[in-house]
Amino acid sequence: MTDPTNGRTDGRRSGTPRRRRLARTAIGLTAVLVLSVAGAGAWFYHRLDTNISTFDPGGVATSRPPAPVPVTPGARLPVNVLVLGSDTREGGNDALGGGDIGVGHSDTAILLHVYADHKHAVGVSIPRDTLVTIPSCKLQNGTWTTPRTNQMFNEAFTVGEFPNGNPACTQNTVEALTGLRIDHTIVVDFRGVAAMTEAINGVDICVPNDVNSHDIHLKKGPQKISGQPAVDFLRARYGFGDNSDIGRMKRQQAFLSSMIKKVQGQGFSLPTLLPLADAATRSLTVDEGLGTAMKLVDFAQSLQNIKLADITFVTTPWRFAGDRVALVHPDVDTLWALLRQDRTLDGRPTGQGDPATTPTGPAPSADAVPTGPAATGTAPADGTAAGTAPVTSPAAPTGPAAPATTAPVTVTVPIVVVNGTKTAGLAGRAADTLRAKGYQDVTLDATGGGRLTTDITYPAAQRAGVEQLAALFPGARLVAESGADSVVITLGRDYEPAAVSPSGGPSPSSTIPSTIPTGIADNARTADTDPCANLTFG
């Protein structure tokens with residue numbers, strides 16, 4: 001059983017027996033959710049409901065990046081979905097994955113960012129061996145861990161040694177790493193990939209060379225696989241391309257692209273959809289927001305306008321750090337900033353989506369969907385779950401949620417901006433941004449310090465207005481204080497000031513480049529790329 005504090009050996013430099021190979025099986029799930037559940041007859045929903053498992057929302061941190069706020073009534077918002085592959089051997093998965101029954105790992109992780117127009121998407125693969133900070137996470141006995149630095153990313157799923165893994169801990173880790181608020185988390189196991197590929201009569205792949213390694217036997221060139229061979233193909237490292245874990249992730253991206261294409265090509269006939277929906281839901285563990293077939297249908301229908309050519313897969317900019325993987329800065333910071341601002345990978349704004357009830361609508365400004373740099377991700381000891389009633393006790397940290405109304409909300413008390421960093425002029429630029437947005441009673445206070453994250457303290461009665469103001473300070477922690485007579489914004493190093501144009505309106509942040517960084521471009525591919533093209537990764 002793995003000790004999540006000490007990590008484990010990953011076997012990059014030597015062959016690893018099949019019994020110990022870890023799963024790479026999540027990548028077929030998104031295609032199925034987008035295209036299969038929608039259209040299933042209502043009479044089938046009850047059966048699907050009984051298939052779906054949910055994880056405890058009490059493990060999701062309460063200190064989270066803010067939810068995006070719509071700037072026009074009815075406007076669609078971007079959606080962030082974390083798709084994880086579990087190598088758990090529970091529930092019969094040992095027959096497909098081999099090895100002993102034990103705590104599951106999440107060796108496949110794709111962060112799917114659906115843009116606000118709901119016509120484009122980016123899937124970001126996070127290497128399993130990436131060294132990250134795992135924030136506070138809930139254990140089986142209800143207590144919370146302390147944050148741990150320099151841990152492999154996939155160890156977050158093992159915290160607490162839950163037999164089926166700890167999706168909430170991985171979600172907390174991704175939010176802390178990216179500054180993006182995760183709307184939904186989905187976990188799929190071995191059985192899911194095997195069953196879904198069989199339900200669509202196989203997935204087309206392309207192999208760069210003959211493969212005879214670890215019970216996998218494939219001929220060079222295009223071919224079709226399903227069931228156990230599909231699981232083996234997605235999990236294997238050696239014998240393909242450059243034999244690396246990064247190469248394996250690119251292979252998974254190509255597989256997912258091919259699966260989406262296959263599902264789209266078969267259309268929405270019930271004979272196709274029903275077995276596919278049944279296979280998909282039997283393999284799922286999801287957050288409560290997707291915990292019924294009807295919720296899955298609503299989610300799937302919101303994504304149906306995304307064409308294959310408008311889906312881009314990218315691996316986080318990376319480099320080897322001994323036997324592990326380190327993220328490359330500033331390229332990875334640029335990647336997260338682009339997604340927080342709902343921009344394409346080359347920096348173009350997409351704006352918020354049109355109202356769902358109308359086919360067209362005005363596009364808001366480029367900063368209409370501000371989400372923030374890395375939040376602390378640390379949950380309080382009580383482990384209050386996201387999505388529960390707002391915390392009203394003083395000094396209780398929680399990320400801002402979308403207001404119940406889209407009408408303008410104002411702050412009716414003075415606003416004080418404090419520079420908690422050593423960056424000269426930071427408070428002044430924040431004050432300029434506030435004034436450009438119409439906040440008038442703004443003053444500055446003392447400067448200096450080494451604060452990492454931004455805090456906003458406020459009178460409890462000002463909560464609604466402060467939640468809207470907090471959209472200008474992505475990732476800020478909100479703290480209600482009894483007896484406070486002003487809003488105090490103490491800036492941390494996570495604050496990214498937006499430039500103000502001569503006309504007084506906002507302009508893109510200086511962190512957004514004019515061209516896509518090579519660390520992103522070199523790791524990206526569109527979903528409609530020929531699976532046999534540039535097949536150096538296997």
Side-chain angles (χ1 to χ4, degrees), residues 61-71 181 367 370-373 375-376 378-382 384 386 388-498 500 504 506:
T62 58
S63 180
R64 304 179 62 193
V69 179
V71 295
R181 189 182 184 95
D367 67 338
T371 48
T376 61
T378 303
D382 64 3
T384 304
T388 57
V391 179
T392 56
S393 58
T398 178
T405 175
T406 57
V409 180
T410 59
V411 172
T412 59
V413 295
I415 300 172
V416 180
V417 183
V418 179
N419 186 353
T421 77
K422 297 179 181 180
T423 303
L426 194 64
R429 281 180 281 171
D432 288 343
T433 299
L434 287 164
R435 294 181 184 118
K437 287 292 187 180
Y439 297 96
Q440 299 302 317
D441 192 358
V442 181
T443 58
L444 307 183
D445 206 335
T447 61
R451 176 180 289 271
L452 295 176
T453 57
T454 299
D455 279 3
I456 302 177
T457 60
Y458 63 95
Q462 298 289 314
R463 180 180 178 86
V466 168
E467 285 181 342
Q468 182 155 323
L469 174 149
L472 301 173
F473 300 90
R477 187 181 69 150
L478 304 188
V479 181
E481 286 193 347
S482 300
D485 57 4
S486 62
V487 173
V488 179
I489 304 170
T490 305
L491 302 175
R493 293 192 315 210
D494 60 344
Y495 174 57
E496 298 175 358
V500 178

**Message:** Measuring from atom OG1 of Thr62 to atom CZ of Arg477, what distance do you get when rounded to the nearest 0.5 angstrom?
**Reply:** 10.0 Å
**Message:** As a quick check of understanding, evaluate side-chain contact (heavy atoms from CB on, under 4.5 Å) for Val413 and Val487, giving each step before the final call.
**Reply:** CA-CA 7 Å; Val413 295; Val487 173; 3.8 Å; yes
**Request:** Report the distance from atom CD of Glu481 to atom CD1 of Ile456, rounding to the nearest 0.5 Å.
**Result:** 12.5 Å
**Item:** Polar side-chain atom of Asp494 near backbone of Thr454 as donor-acceptor pair, under 3.5 Å
**Value:** yes
**Prompt:** If you look at every heavy atom in Tyr458 and Arg463, which pair is closest and at what distance?
**Reply:** OH-NH1, 3.1 Å
**Request:** Could you tell me which non-hydrogen atom of Leu444 sits nearest to which non-hydrogen atom of Ala427, and how far apart they are?
**Result:** CD2-O, 3.6 Å
**Request:** Might you work through the side-chain hydrogen bond (donor to acceptor under 3.5 Å, both in side chains) test for Thr490 and Asp455, ending with a clear yes or no?
**Result:** CA-CA 5 Å; Thr490 305; Asp455 279 3; over 6 Å; no
**Prompt:** What distance separates Lys437 NZ from Leu469 CG, expressed to the nearest 0.5 Å?
**Reply:** 11.0 Å
**Request:** Taking Arg435 for its side chain and Val442 for its backbone only, find out whether a donor-acceptor pair lies under 3.5 Å.
**Result:** yes
**Request:** Check the pair Asn419, Val417 against side-chain contact (heavy atoms from CB on, under 4.5 Å), reporting the backbone distance first and the verdict last.
**Result:** CA-CA 7 Å; Asn419 186 353; Val417 183; over 6 Å; no
**Fill in**
When rounded to the nearest 0.5 Å, the distance separating OH of Tyr439 from CG of Leu472 is 6.0 Å
**Message:** Looking at every heavy atom in both Ser486 and Pro459, which two are closest together, and how far apart are they?
**Reply:** O-CD, 3.5 Å
**Fill in**
When rounded to the nearest 0.5 Å, the distance separating CZ of Phe473 from CG of Leu434 is 4.0 Å
